[in-house]
Amino acid sequence: MIAEDDYHVAGIHEKFLQQLQDIHVVAKAQTANETIQLVNRYQPDLVLLDVYLPDQLGVDVVEQLYEVAPHVQIILITAATEKDIFTEALHLGVIDYLIKPIAFERLKEAIEKAQAQSKQLKQSPRITQALADSFFLRVKDNSDKESELPKGIDRLTLEKVRHLLSKQQDGITAEALGKEFGASRTTSRRYLEYLISIDEAKAELEYGIVGRPERKYWKL
């Protein structure tokens, strides 16, 4: 859902969102009061909330939105650069804070983060440290990321495995995935098991009609 008093800007945001997979705009609001009413009615997963609405600051209605839709995620969008508004947004738990004018790639990144966090919470039966870290740890520079990877795990290859695994709706074996990125079954399985260790994948044994059961992997 989009909450933005400028109809033209709301239209631009909607066009951005239409380019993203699995995103549907259920409503648009132009005032804070209308935002509360429509969030209550439609129960959206995510609200793009402008700070400067004509009847009330968007940041001042965040708690009311949580009351009427406890599971809603909020991305605050603003032309404001005041530190107090940003600080309040942090305290209120908004998932992201975007300053106008917004680049499409930055908005896409914010939406994908919201989707990923929502999916993780729905699929995880318990909160592990790795899951908590994915929500709360600050992003480090690339050199830090490289040093965190265990021996035998290359970041570029890992990203390729992540991408390929995300496309497998019915799961995939290590051997089959290895063929997709030109690696042996052993190498492929090493990356898949690493993704399991950081709560980004799961594996199950699948029993066929004949032969030994296969271990198939899915991305969480």
Student: What do the steps show when you test Ile196 against Leu192 for side-chain contact (heavy atoms from CB on, under 4.5 Å), and what is the final call?
Tutor: CA-CA 6 Å; Ile196 289 176; Leu192 290 167; 5.8 Å; no
Student: Phe181 and Thr157: which non-hydrogen atoms are nearest, and at how many Å?
Tutor: CE1-CG2, 3.7 Å
Student: Should Val39 and Val51 be regarded as members of a common hydrophobic cluster, given that ILVMFWY residues are connected when their side-chain heavy atoms come within less than 4.5 Å of each other, either directly or indirectly?
Tutor: yes
Student: So do Ile74 and Tyr66 actually touch side chain to side chain, heavy atoms under 4.5 Å?
Tutor: yes
Student: So if you build clusters from Ile, Leu, Val, Met, Phe, Trp, Tyr with side-chain heavy-atom gaps below 4.5 Å, do Ile2 and Ile12 land together?
Tutor: yes
Student: Same cluster or not: Leu46 versus Tyr42, using hydrophobic residues (I, L, V, M, F, W, Y) connected whenever any side-chain heavy atoms lie under 4.5 Å apart?
Tutor: no
Student: Are the side chain of Asp55 and the backbone N or O of Asn33 linked by a donor-acceptor pair below 3.5 Å?
Tutor: yes
Student: What distance do Gln37 atom CD and Asn40 atom CG have between them, rounded to the nearest 0.5 Å?
Tutor: 8.5 Å
Student: With rounding to the nearest 0.5 Å, note down the distance linking CZ in Phe16 to NZ in Lys108.
Tutor: 12.0 Å
Student: Does CD in Glu63 sit with more than 12 non-hydrogen atoms of other residues, nucleotides or ligands closer than 6.0 Å?
Tutor: no
Student: Measuring from Glu204:CD to Arg215:CZ, what's the distance to the nearest 0.5 Å?
Tutor: 9.5 Å
Student: Indicate yes or no: at least one non-hydrogen side-chain atom of Arg162 is less than 4.5 angstrom from one of Leu195.
Tutor: yes
Student: Would you indicate whether the side-chain heavy atoms of Thr87 and Leu90 approach each other to under 4.5 Å?
Tutor: no
Student: Stepwise, does the side-chain contact (heavy atoms from CB on, under 4.5 Å) test hold for His13 with Ile77?
Tutor: CA-CA 11 Å; His13 291 168; Ile77 296 178; 4.0 Å; yes
Student: Near Asp84 CG, under 6.0 Å, is it more than 12 heavy atoms from other residues, nucleotides or ligands?
Tutor: yes
Student: To the nearest 0.5 Å, what is the distance between CG (Asp6) and CD (Gln30)?
Tutor: 8.5 Å
Student: Between Ala32 and Gln56, which heavy-atom pair has the shortest distance, and what is it?
Tutor: CB-CB, 3.7 Å
Student: Kindly determine whether Leu158 and Tyr191 satisfy side-chain contact (heavy atoms from CB on, under 4.5 Å), including the steps that lead there.
Tutor: CA-CA 7 Å; Leu158 181 61; Tyr191 281 88; 3.9 Å; yes
Student: Write down the atom of Ala29, the atom of Leu38, and the distance for their closest heavy-atom approach.
Tutor: CB-CD1, 3.9 Å
Student: Would you kindly confirm whether Ile153 and Leu164 end up in one hydrophobic cluster when ILVMFWY residues are joined by side chain heavy atoms under 4.5 Å apart?
Tutor: yes
Student: Determine whether Arg190 and Thr187 make a side-chain contact, defined as any pair of heavy atoms from C-beta on separated by less than 4.5 Å.
Tutor: yes
Student: Can you see whether Tyr217 engages Glu193 through a side-chain donor-acceptor pair at a distance of less than 3.5 angstrom?
Tutor: yes
Student: Search all heavy atoms of Leu53 against all heavy atoms of Gly58 and return the closest pair with its distance.
Tutor: CD1-CA, 4.2 Å
Student: Please say whether more than 12 non-hydrogen atoms of neighbouring residues, nucleotides or ligands are located less than 6.0 Å from CD in Gln18.
Tutor: yes
Student: Would you say Asp45 has more than 12 foreign heavy atoms packed within less than 6.0 Å of its CG?
Tutor: no
Student: Which is it for Leu165 and Trp218 under the side-chain contact (heavy atoms from CB on, under 4.5 Å) test, yes or no, and what are the steps along the way?
Tutor: CA-CA 7 Å; Leu165 189 61; Trp218 286 263; 5.8 Å; no
Student: Please answer whether the main-chain N or O of Tyr7 pairs with a side-chain N or O of Lys28 as donor and acceptor at a distance below 3.5 Å.
Tutor: no
Student: Any side-chain heavy atom of Leu121 sitting closer than 4.5 Å to one from His71?
Tutor: no
Student: Begin with the C-alpha distance, continue with both residues' side-chain angles, and end with the deciding distance and a verdict on salt bridge (Lys or Arg N to Asp or Glu O under 4.0 Å) for Asp50 and Lys100.
Tutor: CA-CA 10 Å; Asp50 187 46; Lys100 298 177 181 178; 3.1 Å; yes
Student: How long is the straight-line distance from CD of Gln73 back to NZ of Lys113, given to the nearest 0.5 Å?
Tutor: 10.0 Å
Student: Compare all side-chain heavy atoms of Tyr97 with those of Ile85 and state whether any distance is below 4.5 angstrom.
Tutor: yes
Student: With the side chain counted from C-beta on, respond yes when Leu48 and Glu4 share a heavy-atom pair under 4.5 Å apart, and no when they do not.
Tutor: no
Student: Which pair of non-hydrogen atoms, one from Ile172 and one from Ala176, has the smallest distance, and what is that distance?
Tutor: CG1-CB, 3.5 Å
Student: Once you round to the nearest 0.5 Å, how far does NE2 of His91 lie from CZ of Phe86?
Tutor: 10.0 Å
Student: Just by distance, do the side chain of Gln43 and the backbone of Val68 share a donor-acceptor pair under 3.5 Å?
Tutor: yes
Student: Would you mind checking if Arg106 and Asp96 are paired as a salt bridge, meaning a charged N to carboxylate O distance below 4.0 Å?
Tutor: yes
Student: With a 4.5 Å cut-off on side-chain heavy-atom distances among I, L, V, M, F, W and Y, is there a chain of contacts connecting Val59 to Val61?
Tutor: yes
Student: For Ser188 and Ala174, which heavy atoms make the closest approach, and how far apart are they?
Tutor: OG-O, 2.7 Å
Student: Around Lys160, counting heavy atoms of other residues, nucleotides and ligands shown, do more than 12 lie under 6.0 Å from its NZ?
Tutor: no
Student: Salt bridge check: are Lys167 and Glu180 linked by an N-O gap of less than 4.0 Å?
Tutor: no
Student: Is there a side-chain contact between Ile23 and Gln115, using heavy atoms and a 4.5 Å cut-off?
Tutor: yes
